[in-house]
Amino acid sequence: MNEFQVISHKSNQVTLTNQSHSMYGHIRILEPSIMNVKLSEKEEIELPTWTVTPGDTDLPYQGLSRQFMKPFSCPNYDFINNENTIEITTSKLKLIIEKKGFYLTWYQLKANGEFEEVLTDRQTQSYKHQISSNHPTCHYLQRDEAEMYFGLGEKTGKVNKHGRRFRMMNIDAMGYNAETTDPLYKHIPFYITYKPDIEQSIGIFYDDYQDSAFDFGQELDNYHGAYRYYETKSDFLDYYVIGGPKIKDVTKQFSWLTGRPTKMPQWGISYSGSTMQYTDLPNSQKLLEDFLNQCNQHDIAVRSFHLSSGYTSIKDKRYVFNWNYDKFPNPKEFGKSFVDQGVQIVANIKPSLMVNHPLLEEVMEFNGFINDEAGEPLLVQFWDDQGYYLDFTNPQTITWWKEQIKTKLLENHINCTWNDNNEFEIWDSNAQVHGFGNGGNFNDYKSIMPLLMMKASREIQMDYHQERFPYVISRSGCAGMSKYVQTWTGDNRTSWHTLKFNNQMAIGLSLSGVYNFGHDIGGFSGDKPDPELFLRWVQCGAFYPRFSIHSWNEDGSVNEAWMHPEVLEEVKGAMHLHERFVPYIQYLVGQAHEAYEPIIRPTFYEFEHDEHTFRDGDDFLLGDRLLVCPIIEQGQTKREVYLPNNEEGWINFHNRKEYEGGRTITVDVALDHIPLFVKKGTSIPMYDDDLKVVEDKRF
């Protein structure tokens, strides 16, 4: 009764169903190292995909069919339909399906030409249909204690997620604990399994937009042995298995699968000023003008400013696209004055209209909001009041949104958008969307709402400026967000603890196809940073492609480069070094775009052969040649550094001293810099000290 049989095999797709016809399974052979598995009670999954957009595949707002095959190479493969099993073999992957119950086992090609098991369904009830009709949709896999799990995008804690449990949903987690808080802002249900005993890696991506959960061994059940699982509120399962054998192979293919990372204008890498306090105060425009004057006075290069939402305020509330003319009497003159000084303004915009919003009736007229079950606009909690979320599955909402950006921002020389507070926190399970004319439950679209929002923002900027790669940034997002935006790790909390674990969060993002990002330097919420913490944060943040000091300090103070005179020269030195590294970081942004390579990398990404690189640590690579060793402990005077094993060796960036790889060294910690090491025999493109001429620095 529970045996699956092949009912169709054509065009790189195998379709199976069980005898009762209550469950369909589809296996698509897409690339030598990529296969897709779908399980559903319907013959086809009707909800489109917005995240599987291989390479340069154009994504329409309406999404793409989940049966879409055009972007894939659809390689040759062997197919054997045995009495009890089905075998599908490409040049790199082998899948064996047990017909009774539908249990899958995956094998990967080794260097000796043999296939080795790398991923196996739990043999005691791995899917919903094997458990109960009223059980949530799920996928249970066997777990080995030696396995390491990397990815899930923006998640807290150590790089290796083995032993943790996570919820996958978008939420506004202001002041989060960077080691333990979950969930956060982004929805990326993808992870890599690394098996150290056989040095093989394989990835799995669940193309699903509902709230879901992952367990990597926190749960224990005597009846089932060691297992891990994915559980979702969706009524279907749609996952992609992505072969290695190396971690970098999986990461690059996942990045390709979810769309080519966009380029950014070079100024988007340079220092960007920001703070909420400036725009919240009555004399906002003067504070912003003073900020530029202070940068000039201290000889600090600044190329953009993130304009927080206070510019839209009416009393103490924020009303997106509304200019507060008391604070900014002439927005066009204000915008032009910044642009004329070579500083772009990146304006904060939010996808919710608060009650009493001046433009509320405009959107009500075309029913542009997410609705309740009765079809009326759904009023929900937003910030410290209530508001209505815009529905980006409604073409009229998209048109309205673009028009507001054009008339309220772009025509006032405010050339870039900061898509913020776009987690779409709607807790009503009956909420409804337009669904591009098809209707639908909001939860089916939840995590792609930020993607549609940032796509709309990007398109109007491209159209208005005739610019192929505009600067757009978004806090929330999902798999594939790198097609459109730069991002950051949200509203972190000021502490040494956050500085440490933000760097480890960065690795999860980088292994999950999100490459262009940074952290709020100095910490966004809580106490203002003391001089040493602030300096160390700037020195670490200088090696990220997003370099912004941003804050909402509880005492009303502002994180500014000059906030602590006793370390001002050292802070300026770190900021100047960042500007000198801009050509190298821009090169890495180009590599992300051309070759799907991360910008920030764990050391094991480049040196997987060195088992020491998998140990817990705080170091990371900028590209393939610069080892960054942050100072994340207060009062530290010496630091141990493990130099990954390579044939060339390493060179201390600061004093040119040479070291062999594969060893731990102890270096003195100076106040004016953090330890940096360059792979010997390489060069790094950098600006000269005057930030005018790009030189290839040889090491």
Side-chain angles (χ1 to χ4, degrees), residues 111 199 201 244-249 251-252 266 269 503 506-507 510-511 515 539-540 542-545 573-574 576-615 617-631 639-670 672-689 691 693-699:
E199 297 182 347
S201 298
K246 294 185 178 299
I247 290 168
K248 68 163 53 180
D249 299 328
T251 288
K252 290 170 65 175
Q266 184 166 304
I269 297 168
N503 289 321
I507 301 305
S510 288
L511 294 178
Y515 298 157
Q539 289 171 334
C540 177
F543 298 97
Y544 281 84
H576 184 68
L577 184 62
H578 174 81
E579 296 306 310
R580 293 191 64 199
F581 270 112
V582 162
Y584 179 51
I585 299 175
Q586 181 70 358
Y587 160 76
L588 295 174
V589 171
Q591 284 297 105
H593 179 76
E594 299 293 338
Y596 304 97
E597 293 268 19
I599 297 169
I600 302 295
R601 307 174 187 180
T603 54
F604 59 71
Y605 185 90
E606 295 293 340
F607 304 100
E608 191 172 316
H609 62 276
D610 184 349
E611 64 179 15
H612 287 82
T613 60
F614 287 94
R615 297 178 180 178
D618 302 301
D619 303 340
F620 61 87
L621 292 166
L622 179 61
D624 62 350
R625 64 198 73 168
L626 183 65
L627 179 65
V628 181
C629 311
I631 301 302
R639 191 193 193 282
E640 286 192 347
V641 174
Y642 178 74
L643 300 172
N645 190 10
N646 63 10
E647 295 180 0
E648 299 84 359
W650 296 88
I651 295 178
N652 187 312
F653 176 87
H654 302 292
N655 60 23
R656 298 296 177 117
K657 186 175 179 179
E658 297 185 20
Y659 299 89
E660 293 180 357
R663 56 182 292 203
T664 299
I665 63 172
T666 301
V667 295
D668 292 329
V669 171
D672 61 348
H673 64 259
I674 61 176
L676 299 174
F677 296 87
V678 184
K679 189 177 176 182
K680 187 178 178 182
T682 60
S683 64
I684 296 181
M686 297 179 64
Y687 276 124
D688 64 4
D689 202 52
L691 304 180
V693 178
V694 177
E695 305 170 330
D696 267 336
K697 291 285 186 181
R698 296 286 304 173
F699 292 87

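One-based numbering along the sequence shown. Keep in mind that this is a model prediction, so the values were computed, not measured.
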Indicate whether any N or O donor in one side chain lies under 3.5 Å from an N or O acceptor in the other, for Tyr584 and Asp696.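 Asp696 and Tyr584 do not have a side-chain donor-acceptor pair below 3.5 Å.
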Do [X] and [Y] touch side chain to side chain, with heavy atoms closer than 4.5 Å?
X: Leu627; Y: Pro675; result: no
X: Leu588; Y: Leu622; result: yes
X: Val641; Y: Thr664; result: no

Residues in side chain to side chain contact (heavy atoms under 4.5 Å, CB included) with [X], at least two apart?
X: Asn655; answer: Asn652, Lys657
X: His578; answer: Ile269, Ala542, Phe547, Val582, Ile585
X: Thr251; answer: Ile192, Ile247, Leu511, Tyr515, Pro598, Tyr605
X: Ala574; answer: Val538, Gln539

Tell me, please, which residues at least two apart from [X] pass ring pair (Phe, Tyr, Trp, His ring centres under 6.0 Å).
X: Phe604; value: Phe150, Phe614
X: His593; value: Phe469
X: Phe581; value: Phe543, Phe653
X: Tyr587; value: none

Just by distance, do the side chain of [X] and the backbone of [Y] share a donor-acceptor pair under 3.5 Å?
X: His576; Y: Asp689; value: yes
X: His609; Y: Asn645; value: yes
X: Ser201; Y: Lys246; value: no

Closest non-hydrogen atom pair between [X] and [Y], with its separation:
X: Leu691; Y: Arg580; result: CD2-CG, 3.7 Å
X: Pro685; Y: Val694; result: CB-CG1, 4.2 Å
X: Asp610; Y: Tyr642; result: OD2-OH, 2.5 Å

Return yes when atom CD of Glu660 has more than 12 non-hydrogen atoms of other residues, nucleotides or ligands closer than 6.0 Å, and no otherwise.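 No, the 6.0 Å shell around CD holds no more than 12 heavy atoms from other groups.
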Distance from Phe677 atom CZ to Ile651 atom CD1, nearest 0.5 Å?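 Reported to 0.5 Å precision, the distance equals 11.0 Å.
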Does the gap between the ring centers of Trp650 and Phe607 come in under 6.0 Å?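 Ring-ring flag for Trp650/Phe607: true, centres closer than 6.0 Å.
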All pairs passing side-chain hydrogen bond (donor to acceptor under 3.5 Å, both in side chains) where residues 678-687 contributes a residue, at least two apart: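 Counting only pairs at least two positions apart or across chains, the side-chain hydrogen bond (donor to acceptor under 3.5 Å, both in side chains) contacts touching residues 678-687 are Gln266-Tyr687, Glu658-Lys680.
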Give every residue pair that meets the salt bridge (Lys or Arg N to Asp or Glu O under 4.0 Å) criterion with at least one member in [range], sequence neighbours excluded.
range: residues 618-628; value: Lys500-Asp618, Asp619-Arg639
range: residues 640-656; value: none
range: residues 595-606; value: Lys248-Glu606, Lys252-Glu597, Glu597-Arg601, Arg601-Glu606

Result of checking Leu621, Ile600, Leu676, Asn503 against Val628 for side chain to side chain contact (heavy atoms under 4.5 Å, CB included):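 Single pass found, and it is Leu676.
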Please report the C-alpha distance between Phe620 and Thr603 in whole Å, then the side-chain angles of each, then the deciding distance to 0.1 Å, and finally whether the side-chain contact (heavy atoms from CB on, under 4.5 Å) criterion is met. CA-CA 6 Å; Phe620 61 87; Thr603 54; 6.0 Å; no
